[in-house]
Amino acid sequence: MVLLIKQRVFSWSDTYDVYDGEGNPKYFVKGEFLSLGHRLHVYDLEQNEVGLIRERIMSLLPVFEIEINGVEMGRIEKRFSLFKPKYDVDYNGWRAEGDFLEWDYDVYSGCSVAMHISKEPFHWGDTYVIHIANPADELAGLMLVLAIDAANCAQNG
């Protein structure tokens with residue numbers, strides 16, 4: 001299955017629209033404008049909050065906690081690396097590795113690829129395509145991609 005994440009460019013806070021592979025709206029993501037650190041709220045089509053990504057602010061490298069339906073599910077922490085972005089992922093039993101330009105990521109569950117995330121260049125705002133092996137991982141995968149994007153944004157200013 002496929003999800004497409006598009007950032008709204010002219011917005012006061014981090015705002016994303018999320019579509020399925022057919023271009024139908026699936027989720028809406030809204031960041032808090034004046035919060036300390038990143039806080040992203042994820043809503044379904046009925047405007048129910050289904051997820052929250054919260055930055056821990058007192059850490060050297062970016063750390064984000066992921067909550068789904070009011071339950072803390074885990075966290076990701078960007079590790080120091082010279083060429084390839086790496087993350088400590090304590091979330092859903094996954095690990096993530098990215099390429100040199102920080103545009104493509106593979107997420108592994110054990111030895112199998114659970115997701116492939118690619119950032120599309122030449123768009124206004126960030127645009128990601130997520131290929132998810134198991135449709136049951138849709139929301140969990142979306143939350144991880146948003147946390148990785150926030151970690152890159154937090155570190156790069």
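Computed from a predicted model, the values in this text were never measured in an experiment.
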Trace of the side-chain contact (heavy atoms from CB on, under 4.5 Å) decision for Lys78 with Phe64: CA-CA 9 Å; Lys78 191 163 186 180; Phe64 288 84; over 6 Å; no
Are Ile68 and Ile132 in one and the same hydrophobic cluster, where Ile, Leu, Val, Met, Phe, Trp and Tyr link if side-chain heavy atoms are under 4.5 Å apart? yes
Could you tell me the separation between the CZ atom of Arg56 and the CD atom of Glu77, rounded to the nearest 0.5 Å? 7.5 Å
Could you tell me the separation between the CG atom of Asn69 and the CD atom of Glu49, rounded to the nearest 0.5 Å? 9.5 Å
Electrostatic pair Arg39:Glu55 at N-O distance under 4.0 angstrom: no
Side-chain ion pair, Lys119 and Asp104, N-O less than 4.0 Å: no
Indicate yes or no: does Glu72 engage Arg54 in a salt bridge with an N to O separation below 4.0 Å. yes
Tyr91 and Ala140: which non-hydrogen atoms are nearest, and at how many Å? OH-O, 2.9 Å
Between Leu144 and Tyr105, is a side-chain contact (heavy atoms from CB on, under 4.5 Å) present by the stated rule, with each step listed? CA-CA 11 Å; Leu144 181 64; Tyr105 302 90; over 6 Å; no
Note, Met73 side chain near Glu67 side chain (heavy atom, < 4.5 Å): no
Which pair of heavy atoms, one from Glu46 and one from Asp44, lies closest together, and at what distance? N-OD1, 3.0 Å
Just wondering, do Leu139 and Val50 contact through their side chains at under 4.5 Å, heavy atoms? yes
I need the Ser109 OG to Asn134 CG distance, nearest 0.5 Å. 9.5 Å
Rounding to 0.5 Å, atoms CG (Asp106) and OG (Ser112) come to a distance of 12.0 Å
May I ask you to check whether Asp149 and Tyr16 show a side-chain donor-acceptor distance below 3.5 Å? yes
From CA spacing to verdict: side-chain contact (heavy atoms from CB on, under 4.5 Å), His41, Phe28: CA-CA 8 Å; His41 300 270; Phe28 175 71; over 6 Å; no
Check: Ile53 and Met143 side chains under 4.5 Å, non-hydrogen atoms: yes
Work out which heavy atom in Ala114 is nearest to a heavy atom in Trp94; give both atom names and the distance. CB-NE1, 4.0 Å
What residue among Glu138, Glu22, His131 forms side chain to side chain contact (heavy atoms under 4.5 Å, CB included) with Val2? His131
Looking at every non-hydrogen atom in both residues, tell me the closest pair between Leu40 and Ala150 and how far apart they are. CD1-CB, 4.4 Å
Do Met1 and Val129 belong together in a cluster built from hydrophobic side chains that touch within less than 4.5 Å? no
Between Asp20 and Asn24 (side chain of the first, backbone of the second, donor and acceptor by atom type, cut-off under 3.5 Å), is there such a pair? yes
Within one Ile-Leu-Val-Met-Phe-Trp-Tyr cluster: Leu45 and Leu52, side-chain cutoff 4.5 Å: no
Could you check if a side-chain atom of Tyr43 sits within less than 4.5 angstrom of a side-chain atom of Asn48, using non-hydrogen atoms only? no
Using side-chain heavy atoms (C-beta onward) and a distance below 4.5 Å, is Ile76 in contact with Val63? no
Heavy-atom distance under 4.5 Å between the side chains of Leu146 and Tyr128, does that happen here? no
Taking side chain to side chain contact (heavy atoms under 4.5 Å, CB included) as the criterion, tell me which of Val107, Ile130, Val18 meets it with Val145. Ile130
Donor-acceptor pair, distance only, cut-off 3.5 Å: does the side chain of Arg8 make one with the backbone of Lys30? no
Using modelled atom types and a 3.5 Å cut-off, is there a donor and acceptor pairing between side-chain atoms of Tyr19 and backbone atoms of Tyr27? no
Determine whether Leu4 and Thr127 make a side-chain contact, defined as any pair of heavy atoms from C-beta on separated by less than 4.5 Å. yes
